[in-house]
Amino acid sequence: MTGWHANTVAELSAALHEGSVSSVELTGLYLARIAQHQGALNAFISVTQEAALLQAERADARLRAGERGALIGVPIAHKDIFCTAGERTTCGSRMLANFVSPYDATVVERLRAAGAVMLGKTNMDEFAMGSSSETSYFGPVRNPWDPARVPGGSSGGSAPAATATDTGGSIRQPAALCGVTGLKPTYGRVSRFGMVAFASSLDQGGLLTISAEDAAVLLAAMAGFDERDSTSVELPVPDYTASLAQPLKGLKIGLLHEFFDQGLDPQIEQRIRDALDVLRLEGASLRDVSLPNLPLSVPTYYVVAPAECSSNLARFDGVRYGYRCERPRDLLDLYQRSRGEGFGAEVKRRIMVGTYVLSAGYYDAYYLKAQRVRALISADFARAFHEVDVLIGPTTPTAAFELGAKTGDPVTMYLNDIYTIGANLAGLPAISVPCGFVQGLPVGMQIIGPHFSEPRLLNVAHRYQCESDWHRRAPPGFT
Ligand code: GLN
């Protein structure tokens with residue numbers, strides 16, 4: 001039997017419930033497929049074959065016993081930033097190359113309880129720092145549409161259906177560049193317990209799926225208050241699937257003026273405008289909206305995120321856990337060599353920048369100023385949401401670029417994040433949906449909404465996907 005991999009979670013779940021396929025069969029097919037493509041794509045850091053087949057057997061037993069549940073027996077993958085008890089969690093780093101967490105992340109625990117089967121842990125930029133998935137200690141991930149190109153980052157290995165994280169775009173960028181759907185929920189909507197910290201005021205767990213409908217199913221299982229994460233929000237979790245099909249009549253869409261700038265590939269702009277025509281036909285109205293402080297997102301983020309990372313990554317000292325250098329001479333040597341050998345170049349760059357902007361004498365000029373600009377950007381969004389229900393723009397300025405094209409120049413790499421970072425700085429939910437191709441490479445449309453507007457974002461994305469099939473296209477050789 002072939003072709004199951006092309007199905008959405010919703011379709012797989014229907015087949016599992018009616019018994020036309022078992023979870024063990026599906027899991028076996030997915031594992032075979034991972035083995036087939038791993039050499040070319042390097043999407044996985046660990047494949048947890050034995051555990052997966054065991055979980056699949058358990059899921060089949062639950063189904064046979066008549067249990068119902070949208071994720072029972074459905075194979076998924078976890079970004080290797082989420083702790084998994086008994087399986088290693090590397091965060092793409094030599095620092096954690098042999099780290100086995102004694103506990104599960106809340107997200108992992110919830111998805112397991114919902115019956116999802118974990119296939120393995122996906123490759124990513126080291127400590128989620130990057131926009132191309134090239135900085136992994138385990139080698140770069142490649143784009144299935146063209147293996148000479150990057151899949152986007154940092155969740156470059158996560159593909160449908162999979163968990164991921166987004167600090168400045170790491171869910172939405174790979175979604176756009178690989179032609180899948182990626183949802184970054186509101187800050188606080190999904191527990192970060194057991195998710196390796198990069199920049200704590202920006203990090204948010206979320207997901208990559210084929211469709212918005214699948215995103216609704218996964219989010220429902222992942223979201224909710226967790227007493228082990230003080231930043232998780234105590235708000236009820238709505239039924240994300242219930243509002244998917246709601247008509248768009250009366251929806252007010254704001255076109256993000258600052259996103260349709262000089263840096264945007266004109267062909268991507270055209271794809272977005274075509275998609276907007278579809279939404280208009282569905283009954284939405286469009287107007288231009290300007291967020292004057294938004295162009296300051298990149299410099300603001302690249303002060304705030306490194307500052308927080310320099311403090312979060314201080315815990316990797318060669319003493320408590322993680323990589324330890326051979327034969328340290330004394331304590332200082334232990335710290336220096338463990339960190340020097342355990343971290344890659346980009347992580348070190350971030351730690352140095354972060355330490356600098358937080359140091360006495362520079363704190364006010366950099367960190368404090370960045371925090372002020374961040375408040376202005378949040379206020380811009382809040383103002384815009386008085387006028388419109390959602391904001392739309394591109395997810396990335398260009399389609400996937402070639403491996404190595406930007407690794408020599410960090411600033412060029414950082415500029416990929418120009419359209420995604422704003423939502424993180426303001427803590428807003430945002431979704432990227434495939435909206436066409438540019439020279440054979442997929443591109444994405446980004447929809448941003450007010451805090452906790454996930455039902456609305458999923459609704460707009462779903463209605464668009466009912467009228468388009470970009471999200472169902474597969475790369476040549478992957479059909
Ligand atoms: N590209 C951004 C960075 O390098 C965002 C990464 C992320 O969202 N984890 O920091």
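This is a predicted model, so every value here is computed, not measured. Values below: every heavy atom of this structure, side chains too, minus hydrogens, waters and symmetry copies. Atoms within a ligand are numbered from 1 in the order they appear, just like the ligands themselves.
- Contacts with ligand 1 closer than 4.0 Å are made by heavy atoms of both the backbone and the side chain of Thr167.
- Of all the atoms in ligand 1, the ones that sit under 4.0 Å from a non-hydrogen atom of Ala128 are 6 (C), 7 (C), 9 (N).
- With hydrogens and angles left out, the side-chain atoms of Ser132 and Glu134 include a donor and acceptor closer than 3.5 Å.
- Using a 4.0 Å cutoff on heavy atoms, Tyr301 counts as a contact of ligand 1.
- Counting only N and O atoms by type, the side chains of Ser154 and Asp125 include no donor and acceptor under 3.5 Å apart.
- With ligand atoms numbered from 1 in the order given, ligand 1 contributes 5 (C), 6 (C), 7 (C), 8 (O), 9 (N) to contacts under 4.0 Å with heavy atoms of Ser170.
- Between Asp364 and Lys369, no side-chain nitrogen of the basic residue sits less than 4.0 Å from a carboxylate oxygen of the acidic one, so the salt-bridge criterion is not met.
- Residue contacts with ligand 1 include Arg350, since one or more of its heavy atoms lies under 4.0 Å from the ligand.
- By the 30° and 60° cut-offs, the orientation of the rings of Phe127 relative to Phe316 is tilted.
- When heavy-atom distances to ligand 1 are checked against a 4.0 Å cut-off, Tyr414 has no atom that comes that close, whether in backbone or side chain.
- Near Gly130, meaning under 4.0 Å from any of its heavy atoms, are these atoms of ligand 1: 1 (N), 2 (C), 3 (C), 4 (O), 6 (C).
- For a threshold of 3.5 Å applied to N or O pairs, the pair formed by Thr165 and ligand 1 contains no separation below that value.
- Checked against the 6.0 Å centroid threshold, Trp145 and Phe478 do not count as a close aromatic pair.
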task = Before giving the answer on ring-ring contact (aromatic ring centres under 6.0 Å, His included), spell out for Tyr414 and Tyr302 the whole-Å C-alpha distance, their side-chain angles and the decisive distance to 0.1 Å.
result = CA-CA 8 Å; Tyr414 300 166; Tyr302 279 97; 3.8 Å; yes

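- Within the listing of ligand 1, atoms 5 (C), 7 (C), 8 (O) sit less than 4.0 angstrom from a heavy atom of Gly168.
- Figure legend: Lys406 and Phe401 shown as a cation-pi pair, the cationic atom lying under 6.0 angstrom from the six-membered ring centre and within 45 degrees of its axis.
- No donor-acceptor contact under 3.5 angstrom links the side chains of Thr122 and Asp80, judged on distance only.
- No part of Phe127 comes within 4.0 Å of ligand 1, judged by heavy-atom distances.
- Near Tyr302, meaning under 4.0 Å from one of its heavy atoms, ligand 1 places the atoms 1 (N), 2 (C), 3 (C), 4 (O), 10 (O).
- No N or O atom of Met129 sits closer than 3.5 Å to an N or O atom of ligand 1.
- Classified by interplanar angle (parallel below 30°, tilted 30° to 60°, perpendicular above 60°), the ring pair Tyr419/Phe259 is tilted.
- The pair Arg112-Asp104 counts as a salt bridge, with a side-chain nitrogen and a carboxylate oxygen less than 4.0 angstrom apart.
- In the vicinity of Asp417, heavy-atom distances shorter than 4.0 Å reach the ligand 1 atoms 1 (N), 2 (C), 3 (C).
- Residue Ser154 places a heavy atom less than 4.0 Å from ligand 1.
- Here Met124 has no heavy atoms under 4.0 Å from ligand 1, in either its backbone or its side chain.
- Looking at Phe198 next to ligand 1, no N or O pair under 3.5 Å apart turns up.
- Ring pair Tyr367/Tyr362: centre-to-centre distance not below 6.0 Å.
- Below 4.0 Å from some heavy atom of Asp166 lie the following atoms of ligand 1, by number and element: 8 (O).
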